[in-house]
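Just below is one structure, and these are the notes that go with it.
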2 protein chains.
Amino acid sequence: MNKSDKEITITDVARQAGVSMATVSRVVNGNNNVKETTRKKVMEVIDKLHYRPNAVARGLASKKSTTIGVILPSMTDLLYANLAKGIDDVASMYKYNIILTSLKNGIGSEQQLFNDLLAKQVDGIIYMGEDISNVLYKEMSNSRVPIVFAGAIDPDGEFASVNIDYVTAVRDVIKLLIDSGNQKIAMVTGNLDSPINSKYRLKGYQQALEQAGLKYSSANVFETVYNLTAGAAAWDAIHDSGATAAYVSNDLLAAGVLNAALDAGVRIPEDFELVTGSNTILCDVTRPQMTSIAQPLYDIGAVAMRMLTKLMNDENIQDKTIRLPYSLIKRGTTKN
Amino acid sequence: MNKSDKEITITDVARQAGVSMATVSRVVNGNNNVKETTRKKVMEVIDKLHYRPNAVARGLASKKSTTIGVILPSMTDLLYANLAKGIDDVASMYKYNIILTSLKNGIGSEQQLFNDLLAKQVDGIIYMGEDISNVLYKEMSNSRVPIVFAGAIDPDGEFASVNIDYVTAVRDVIKLLIDSGNQKIAMVTGNLDSPINSKYRLKGYQQALEQAGLKYSSANVFETVYNLTAGAAAWDAIHDSGATAAYVSNDLLAAGVLNAALDAGVRIPEDFELVTGSNTILCDVTRPQMTSIAQPLYDIGAVAMRMLTKLMNDENIQDKTIRLPYSLIKRGTTKN
DNA sequence: ATGAAAGCGCTAACAT
DNA sequence: ATGTTAGCGCTTTCAT
């Protein structure tokens, strides 16, 4: 165990233990076809030499890297951080390492990033994000690695995915807001071209209005980006629209809206009600605390990873699309 | 490009291009010793066949994985998420992939995790965290991979590290608080056995008191954990101690303290001043917004990664320990 | 239960 | 400028 030692290989162990490489390999991999005394002897040499199997060589020979790729839009978004945590825990439970790559705008395209992952021979990939470009989607379709979408919408339903039912979740939110007397409710979200917004959230929003006999107007739908200042910036327009409540799809964005409203002297929830969408810790940090759709973020990540292990193992999956239950957690930004 | 295609190897390309594997390898690796016409021909075949070099085989042959390991305490802590983002950006700039592993309590020890990284033949490692166990530290000392500590204290100064000057940063905070009239200032932080707390933050705290002629009392130092409820739980004790201000080392913890104070009807900053330590987005989310030490988190990560590339390249480093400048951002939780 | 030997796909001398 | 070849450290038939 000295810095100048060269790496110990399976050959060294075999020689010192007086057995063949094959036997050492069997011992290391828990193969039963090894006599107990042999196993013990080999183990002793392994300990003595501090032998550590080279995972790269192993990967080349076995064509399995015990590494998966995880693609996410941003490391600093608590939504994805929580999903990633679920993935990480289950991955390490099954002895997989994670190569984490975030979508960078600019340097290196999405496909580049995906191909890098494939070059590294990852055994599977988990994709997260509201959007997926057509190019990347096509690359994924043409590839042989198992892929699971976590908390992300697979527009064509081709891949396995783990989600909540965004349509009913948003419908529940809007219904809550309508029930407490709001007639004009804003919906504040990200890019309306994303399926998750256009095909799910917006649909839930519209369904709830329709069921209540309220008419839908695109003037009440605000498209922006997911950060604090965007929320603050959106507030004036929201307020001017005459809305008395808002569903905001992202917690950070919601915090921006909330604080701008508060700063403008609006009383929350008396004058304006607000519901957000991810139930990250931000909901507890703001004052008043934010009512939110409680997505089981950690579980979504964990279940997605578990699914991926099955796919990588060629086990068959009963349902390719798993919808986890959500709830609505009422806090201080709604009247109740 | 069909799912049933088998992988294209360098041999396939060589054969189809009518050259040797070595030449293909040269083309792929940008070696200049290739005639332009040959290069073109090879490139054409590569494109046609959608050849993608197998990074695992490459790693085995070249003994470089172009992968680094990143160890952090928690993926959902915005402090580390921001550091990781800096690391990630620079890593991808230099074509390195990141294997991200978080310290799990329980399953798999720290050493296990570290050894897994070594088994995967990572070219370097970045370590983050307030603490490091003696066992892991010793393992690291005995290993040959370059290691950089990012935003983490290397107790013995054996490894390269990137930091801010925690002593003076905290001293500045306390001085600010003293200057605005506080005589009794609480310090709220994590495990006091960690060097970063015992040897740095506490020292800065004590120095500032001393310079102002105030006496230090351990009764004003509160040891807890970094989460929201811990902050709320700590508030009563802090208040009871008679402190009129507090330096809290972690943003989430600080938010907990702040909100508990607010909920108790204390006016901030009139009745109680508060300064936190990481300047994450949480500082902007709370009302009032939190005054904070502005650590250049992203830069710390980026610089650490840049250092690591140098170490992996055997370039020599001028300073093993880099201290990045910090500032104090005054917001609403302090009087001025 | 164990060993011999042929790869896995690539890089890196070494020749030419 | 290009080719030949010997590994890199391991797994995996195939024998025995």
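All values reported here derive from a predicted model rather than from experimental measurement. Proteins get letters first, then strands, A, B, ... in listed order; numbering begins at 1 in each.
Counting to the nearest Å, the C1' atom of dG9(D) and the CD1 atom of Ile46(A) are 14 Å from each other. One interatomic measurement links the two molecules: CG of Asn33(B) to C1' of dT11(C), which rounds to 15 Å at whole-angstrom precision. Residue Asn29(A) contributes atom CG, which lies 7 Å from atom P of dT12(D) at whole-angstrom precision. As rounded to whole Å, 16 Å separates atom C1' of dC10(D) from atom CZ of Arg52(A). Atom P of nucleotide dC8(C) and atom CG of Leu60(A) are separated by 9 Å, given to the nearest angstrom. In this structure, the CG atom of Asp12(B) is 11 Å from the P atom of dC8(C), given to the nearest Å. Put simply, NZ on Lys40(A) is 18 Å from P on dA1(C), counting in whole angstrom units. Separating the NZ atom of Lys35(B) from the C1' atom of dG3(D) is a distance of 14 Å, rounded to the nearest angstrom.
Take the nearest nucleotide of DNA chain D for Arg39(B) and for Tyr51(A): the residue whose nucleotide is more 5' is Arg39(B). When each of Ile10(B) and Asn32(A) is assigned the nucleotide of DNA chain C bearing its nearest heavy atom, the one mapping closer to the 5' terminus is Asn32(A).
Among the heavy atoms of the strands lying under 4.0 Å from Ser62(B) are primed sugar atoms or P, OP1, OP2 only; no base atom is included. Residue Val19(A) is classed as a sugar-phosphate contact, given heavy-atom separations below 4.0 Å to backbone atoms only.
For Asn54(B), no side-chain nitrogen or oxygen approaches OP1 or OP2 of dC8(C) to under 4.0 Å. Phosphate proximity of dG3(D) to Thr23(B): present, with a side-chain N or O under 4.0 Å from OP1 or OP2. Between Ser25(A) and dT11(D) there is a side-chain polar atom (N or O) within less than 4.0 angstrom of OP1 or OP2. Side-chain nitrogen and oxygen atoms of Arg58(A) include at least one within less than 4.0 Å of the OP1 or OP2 phosphate oxygen of dT11(D). Remark: Thr9(A) is not in phosphate contact with dC8(D), judged by side-chain N or O atoms under 4.0 Å from OP1 or OP2.
There is no side-chain donor-acceptor pair under 3.5 Å between Arg39(A) and Asn31(A). No hydrogens or angles considered: nothing links the side chains of Gln16(A) and Asp12(A) as a donor-acceptor pair under 3.5 Å.
Taking every side-chain heavy atom of Thr38(A) into account, dA1(C) is the closest of dC10(C), dG3(D), dA1(C). Listed nucleotides dC10(C), dC10(D), dC8(C) differ in distance to Lys63(A); the shortest reach to its side chain belongs to dC8(C). Counting only heavy atoms from C-beta on, Met21(A) has its side chain closest to dC10(D) among dA12(C), dA4(C), dC10(D).
The aromatic rings of Phe149(B) and Tyr137(B) sit perpendicular to each other, their planes meeting at more than 60°, with 30° as the lower class boundary.
You'll find a donor-acceptor pair under 3.5 Å spanning the side chain of Arg26(A) and the base of dG3(C), going by distance alone.
The structure places CD of Gln121(B) at 10.5 Å from CG of Leu117(B), a figure rounded to the nearest 0.5 Å.
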Test side chain to side chain donor-acceptor pair (under 3.5 Å) on Asp131(A) and Ser194(A) and set out the steps. CA-CA 6 Å; Asp131(A) 272 320; Ser194(A) 302; 2.5 Å; yes

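By the side-chain contact (heavy atoms from CB on, under 4.5 Å) test, Ala84(A) pairs with Leu72(A), Met128(A), Met75(B), sequence neighbours left out.
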